Amino acid sequence: MREEEVSDCGSITLEEWNGSSSTKLFKTATITASSSLSIQRSANRFNHVWRRVLQAFVPEGFPGSVTPDYVGFQLWDTLQGLSTYTKMMLSTQALLSAIGVGEKSATVIGATFQWFLRDFTGMLGGILFTFYQGSNLDSNAKMWRLVADLMNDIGMLMDLLSPLFPSAFIVVVCLGSLSRSFTGVASGATRAALTQHFALQDNAADISAKEGSQETMATMMGMSLGMLLARFTSGNPMAIWFSFLSLTVFHMYANYRAVRCLVLNSLNFERSSILLTHFMQTGQVLSPEQVSSMEGVLPVWATSLRSTNSKLLHKRVHLGVRVSSLPRLEMMQLLNGVGASSYKNAKYLLAHRKGNVSVILHKDSSAADVLKSYIHAIVLANLMEKSTCFYSEGEAWIDKHYDEFLHKLRSGGWKTERLLSPSITWRANWISHTSAAKID
């Protein structure tokens, strides 16, 4: 009876598939049962092994689980990491030599104390840097990413210079440790922000873990190359400095290319300025890819000579200004409602002076109010160059175009929930045009 039931049911062919997602499955085996069980393995076993190895370094569901700029950024980031750990062996060799490793006159307690001061300075510097800049790193992740690696290069340079200044050894190595402490804070914070950007499927933890694997592999390869380089250049200062400087130039170039690969769709000061200026001229919104090629990634002190208006408008707007820091004349104008804008009971006030726009935020202003106040201020900064009635014209523009501008931003793939800005610590409270007018 049981044999008849089996024969009635017919035979089934099972196929074994492997993959992290439905779009990335591949067949590994075919299982059939006729007179006996037959398992036919896939002929391309190498591809299966390769995919298994690759899973340790790329997020699950790759490439569909990450943004398109992930591959370019990670490639250049891995190359810069490789160069970093290669030249780190040269700087470490110089540092150990300066401390006295291998010399009979050196004492253990002396070397320990010097190392303690070096690490202590670095820890203290990291805390201070976090206190002053920790809340500002999100607003310009590209620039801080470059600055972090520049400070790391300076720190290694200090270590390499330390044997040349034995009388000032402690000062030199402490400066180097201080420089690297900035790197640790800025690099870690910007990496977290970029990981959130790359994650398309709420897979930030997976991306972070795989990035750790990539960095570990780059570290092992870089240290191995660094050991070989240190061995070949040992005792030849000219070769050491040539190798170090060459790797440093490549390191900064790779970092620049890495951040240039990034296509961020969040709004910060400069991206908002570029988008709004183009919209006011054409009525169209640029894509994140177009803005990425236009925005600057170098620090402010390295871009001060740029003179394009669309790139300078954001420098003329000061968000979250402290009321008592305004000049007395400007404060009087603000209190009297002259030369200032209190747009339709909005949660912000705008004031201008010498071509600059100050934004005073209400203590109850929301993220949407902050974004609107900044857009309004950019509009004023733009209109100042063309009209004397820029306050009324600015309010008319906000009435007519602001909602349309936000709608086109969202349609173009931009995130409009908030404006990425440095921490806003000063706000105000006011009651407009009453007998009990008040500003706190």
Side-chain angles (χ1 to χ4, degrees), residues 132-133 135-136 139-140 143 267-281 294-296 298-344 346-363 365 369-398 401-402 405 418-430 432 439-440:
Y132 283 106
Q133 292 292 340
S135 59
N136 300 338
S139 60
N140 206 338
M143 184 270 287
L267 297 177
N268 67 356
F269 287 169
E270 186 173 9
R271 288 192 285 273
S272 299
S273 175
I274 294 172
L275 284 164
L276 183 61
T277 302
H278 186 267
F279 180 78
M280 293 181 73
Q281 293 172 350
M294 298 170 66
E295 69 174 319
L298 299 177
V300 174
W301 49 265
T303 59
S304 58
L305 297 180
R306 291 186 303 168
S307 59
T308 304
N309 287 339
S310 63
K311 295 182 179 180
L312 285 177
L313 284 179
H314 67 282
K315 296 180 181 179
R316 293 165 49 193
V317 174
H318 306 284
L319 187 65
V321 172
R322 183 182 181 183
V323 177
S324 60
S325 68
L326 297 174
R328 294 184 63 85
L329 178 60
E330 194 170 343
M331 275 202 294
M332 288 299 296
Q333 292 177 340
L334 191 65
L335 290 168
N336 295 325
V338 179
S341 175
S342 54
Y343 173 70
K344 290 187 177 179
K347 298 293 185 180
Y348 60 87
L349 296 174
L350 303 178
H352 81 283
R353 181 172 180 267
K354 295 182 179 179
N356 294 321
V357 181
S358 300
V359 183
I360 301 167
L361 292 167
H362 194 274
K363 66 182 183 67
S365 58
D369 295 321
V370 173
L371 176 60
K372 188 172 185 177
S373 71
Y374 187 76
I375 297 299
H376 195 165
I378 291 290
V379 171
L380 284 190
N382 197 350
L383 293 175
M384 279 182 190
E385 304 170 350
K386 308 170 184 177
S387 172
T388 56
C389 304
F390 48 84
Y391 276 120
S392 58
E393 291 182 12
E395 293 180 3
W397 191 96
I398 291 293
H401 298 292
Y402 181 71
F405 179 56
R418 61 185 289 252
L419 174 72
L420 295 180
S421 67
S423 179
I424 300 172
T425 57
W426 292 105
R427 297 176 184 257
N429 184 50
W430 59 85
S432 301
I439 291 186
D440 292 340

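Keep in mind that what you see is a predicted model, and the values were worked out from it rather than measured.
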Holding to side-chain hydrogen bond (donor to acceptor under 3.5 Å, both in side chains), I want the full list of residues that pass it with Asp369, two or more places apart in sequence or in another chain.
Ser366
Could you pull out all residues at least two apart from His401 that satisfy ring-ring contact (aromatic ring centres under 6.0 Å, His included)?
Trp397
Ser325: what forms a side-chain contact (heavy atoms from CB on, under 4.5 Å) with it, not counting sequence neighbours?
Val321, Arg322
Could you tell me whether a side-chain N or O of Glu270 sits under 3.5 Å from a main-chain N or O of Gly296, the two making a donor and an acceptor?
yes
Test side-chain hydrogen bond (donor to acceptor under 3.5 Å, both in side chains) applied to Lys354 - qualifying residues, sequence neighbours left out
none
Sequence neighbours excluded, which residues qualify as side-chain hydrogen bond (donor to acceptor under 3.5 Å, both in side chains) partners of Asn140?
none
List in chain and number order the residues that pass side-chain hydrogen bond (donor to acceptor under 3.5 Å, both in side chains) with Ser365, two or more places apart in sequence or in another chain; answer none if no residue qualifies.
Arg427
Distance, nearest 0.5 Å, that separates CG of Leu419 from CZ of Arg271:
10.0 Å
Leu267 side, atom CG; Leu371 side, atom CG - distance, nearest 0.5 Å:
6.0 Å
Worked verdict on Tyr402 versus His376 for side-chain hydrogen bond (donor to acceptor under 3.5 Å, both in side chains)
CA-CA 9 Å; Tyr402 181 71; His376 195 165; over 6 Å; no
Let me confirm one number: the CD-CE distance from Glu295 to Met143, rounded to the nearest 0.5 Å.
11.5 Å
Determine whether a donor-acceptor pair (N or O, by modelled atom type, separation under 3.5 Å) exists between the side chain of Ser373 and the backbone of Val370.
yes
Output the distance between atom CE (Met294) and atom OG (Ser273), rounded to the nearest 0.5 Å.
9.5 Å
